[in-house]
Q: 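My questions all concern the structure below.
In each ligand, atom 1 is the first atom listed, and ligand 1 is the first ligand listed.
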Amino acid sequence: MKDSFHLNTKIIGLLGHPIKQSYSPFIHNVTVELKKLDYIYLPFDVPAANLKNALKGMIALDIKGFNITIPHKENILQFMNDVSEEASIIGSVNTVVNDDGKLTGYNTDINGILESLNPYKDDIFGKEVSIVGAGGSARAVIYTLIRYFKPAVIHIINRTEQRAEALKKYFSDKMKYDGIKTKELFPPDLVGIFSNSKLIINATPVGMYPDQDDIVTSLENSFVKDQIVFDLVYNPPQTKLLKLAASHGAIPISGLKMLVHQAAKSFELWTNEEMPFDQIYKSLQLFIGD
Ligand code: NAP
């Protein structure tokens, strides 16, 4: 961790509420140390009602850039001077660059998803995929799949089916993609859909600490050999879903990879410097005790 900083140390950070559980300060400050850069990454706990004033403060204090997390990822768009095309389509910003008071919003979760799935691009092309969840991160996942991976069918499975329906309509209008099918989350029905899917993604918090014994389906015949199973949950890094899928020969991808990849892109946007992915990923695993 950073043990000294100077009068001209540049500040980057995180704006959200609550932020106590975040690994971002670790990821960015270790990167700064490894690369011997003059930055410090600070967490700012800002409840929803204080967002507008907090942004004025970020500009006044010349904070060079910051991540945005719950509950501000959607609400912050109205305060941006500019928004990247991708963040604008998804309607969610997780990274802001402050260029002398001009705030530009980006969504680097897309890069996190893209980098995590890129090794399997050819496997996913033209196949059926399943996503559980229809919230903010599901939007980023669906956008990334349609734009970069072109699956034939995307099943959106959600506890509240209307939200899945809304995403289907949104993406068929916005991206002219007509391969989305929706389903209410009901584990016995998942067996057929999951076992026919080349890729399964959990974009819900199910399985996240302290409820790490939860799983979207514990039905073993949902998983098959060489299937790819990506859990956006990063704490614990190996969720119950990933362990069950791997025990049936599936390829597990941890949300921890996405977390470091999205951080790497944010860091690059703020500093023009590359994050040493492998070193940071290993340090984070040690830090978490994985
Ligand atoms: P969100 O916008 O609040 O959406 C949550 C989704 O999960 C909704 O579809 C919700 O269903 C569903 N859900 C919540 N609790 C559920 C339960 N007990 N059973 C079944 N479905 C449930 O959240 P989000 O921002 O998309 O985040 C989802 C997860 O992704 C979180 O765990 C977050 O930490 C993780 N994430 C990871 C990364 C990374 O870098 N690895 C990045 C972003 C997010 P309803 O529509 O029915 O409410």
Side-chain angles (χ1 to χ4, degrees), residues 14 16-24 26-28 48 67-76 87 90-95 106-117 130-144 154-168 170 180 182-187 189-190 200-218 229-242 252-267 275 277 280-281 284-285 288 290:
L14 167 68
H17 178 76
I19 47 170
K20 277 206 295 278
Q21 308 286 343
S22 176
Y23 294 137
S24 295
F26 178 89
I27 295 173
H28 290 287
N67 283 129
I68 298 296
T69 186
I70 43 168
H72 310 304
K73 281 171 114 172
E74 282 100 33
N75 201 22
I76 198 162
I90 295 168
S92 161
V93 159
N94 78 330
T95 302
Y106 299 88
N107 190 306
T108 69
D109 283 340
I110 295 166
N111 302 83
I113 297 159
L114 181 58
E115 294 294 333
S116 303
L117 293 178
S130 290
I131 299 160
V132 186
S137 57
R139 290 175 89 93
V141 164
I142 295 162
Y143 171 87
T144 311
I154 300 177
H155 296 279
I156 307 178
I157 300 143
N158 198 44
R159 183 173 60 179
T160 314
E161 199 182 349
Q162 296 96 299
R163 283 187 87 186
E165 283 291 338
L167 286 194
K168 174 181 171 164
Y170 183 82
I180 295 180
T182 66
K183 187 101 191 68
E184 187 186 337
L185 178 59
F186 179 59
D189 286 354
L190 295 188
I200 297 168
I201 300 181
N202 176 37
T204 76
V206 176
M208 187 166 78
Y209 176 86
D211 300 312
Q212 61 269 43
D213 288 336
D214 291 350
I215 182 167
V216 287
T217 173
S218 54
V229 179
F230 179 21
D231 199 336
L232 264 54
V233 170
Y234 52 81
N235 183 16
Q238 298 306 321
T239 58
K240 194 170 174 183
L241 174 76
L242 291 184
I253 306 176
S254 168
L256 204 62
K257 276 223 159 102
M258 171 178 167
L259 186 74
V260 179
H261 280 303
Q262 64 78 29
K265 183 63 186 177
S266 301
F267 194 80
M275 184 179 281
F277 180 88
I280 295 298
Y281 188 71
L284 187 57
Q285 280 180 311
I288 296 171
D290 182 32

Q: Do any non-hydrogen protein atoms sit less than 4.0 Å from atom 3 (O) of ligand 1?
A: no

Q: What protein heavy atom sits nearest atom 33 (C) of ligand 1, and how far off is it?
A: Met208 SD, 4.9 Å

Q: Kindly compute the distance separating CZ (Phe267) from NE2 (His28), expressed to the nearest 0.5 Å.
A: 7.5 Å

Q: For atom 12 (C) of ligand 1, tell me which residue out of Val233, Thr204, Leu259 has the closest non-hydrogen atom.
A: Thr204

Q: Starting at CD of Gln212, measure out to OG1 of Thr239 and round the result to the nearest 0.5 Å.
A: 10.5 Å

Q: Considering only the protein, which heavy-atom contact is closest to atom 23 (O) of ligand 1, and what is its distance?
A: Gly136 N, 4.6 Å

Q: Got an N/O contact under 3.5 Å between Gly255 and ligand 1?
A: yes

Q: Might you work through the side chain to side chain contact (heavy atoms under 4.5 Å, CB included) test for Asp109 and Leu232, ending with a clear yes or no?
A: CA-CA 10 Å; Asp109 283 340; Leu232 264 54; over 6 Å; no

Q: Note the single closest protein heavy atom to atom 38 (C) of ligand 1, along with its residue, its atom name and the distance in Å.
A: Met258 CE, 3.7 Å

Q: Please determine whether any non-hydrogen atom of Gly112 lies less than 4.0 Å from an atom of ligand 1.
A: no

Q: Suppose we measure from atom 37 (C) of ligand 1 to each protein heavy atom; which comes out shortest, and what is that distance?
A: Leu232 O, 3.1 Å

Q: Atom CZ of Phe186 and atom OG1 of Thr217: how far apart are they, to the nearest 0.5 Å?
A: 10.5 Å

Q: Around atom 6 (C) of ligand 1, find the nearest protein heavy atom and jot down its residue, atom name and distance.
A: Ala203 O, 4.0 Å

Q: Do other residues, nucleotides or ligands put more than 12 heavy atoms under 6.0 Å from the NZ atom of Lys240?
A: yes

Q: CD/Gln162 to CD/Glu184 distance, rounded to the nearest 0.5 angstrom?
A: 8.5 Å

Q: Note the single closest protein heavy atom to atom 25 (O) of ligand 1, along with its residue, its atom name and the distance in Å.
A: Ser137 N, 3.9 Å

Q: Taking distance alone, with no angle check, do Asn158 and ligand 1 share an N/O pair under 3.5 Å?
A: yes

Q: Atoms of ligand 1 less than 4.0 Å from Val206 heavy atoms?
A: 16 (C), 17 (C), 18 (N), 19 (N), 20 (C)

Q: Please tell me if atom 16 (C) of ligand 1 is touched by the protein, where touching means a protein heavy-atom distance below 4.0 Å.
A: yes

Q: Taking side chain as C-beta onward, heavy atoms only, is Phe277 less than 4.5 Å from Glu115?
A: no

Q: Does any N or O in the side chain of Lys183 come within less than 3.5 Å of the main-chain N or O of Ile157, such that one atom is a donor and the other an acceptor?
A: no

Q: Please confirm whether the backbone N or O of Gln262 pairs with a side-chain atom of Asn111, one donor and one acceptor, at under 3.5 Å?
A: no

Q: Can an N or O of Leu256 be found at a distance shorter than 3.5 Å from an N or O of ligand 1?
A: no

Q: Whether the side chain of Asn94 engages the backbone of Thr108 through a donor-acceptor N/O pair (distance < 3.5 Å, no angle test) should be reported.
A: yes

Q: Heavy atoms only: which of Lys257, Arg163, Glu161, Arg159 lies closest to atom 21 (N) of ligand 1?
A: Arg159

Q: Mind checking the CG-CD1 spacing from Leu241 to Ile215? Nearest 0.5 Å is all I need.
A: 5.0 Å

Q: What's the shortest distance from atom 45 (P) of ligand 1 to any protein heavy atom, and which residue and atom give it?
A: Thr160 OG1, 3.5 Å

Q: So, regarding Leu185 and ligand 1 (criterion: nitrogen or oxygen to nitrogen or oxygen, under 3.5 Å), is there a contact or not?
A: no

Q: Considering only non-hydrogen protein atoms, determine which one is nearest to atom 14 (C) of ligand 1 and report residue, atom name and distance to 0.1 Å.
A: Pro205 CD, 3.4 Å

Q: Within this structure, what is the CE-CD1 distance for the pair Met258 and Ile110, rounded to the nearest 0.5 Å?
A: 9.5 Å

Q: Could you list which atoms of ligand 1 come closer than 4.0 Å to a heavy atom of Ala134?
A: 9 (O)

Q: So if I count the atoms of ligand 1 from 1 in the order they appear, which ones are less than 4.0 Å from some heavy atom of Gly133?
A: 9 (O)

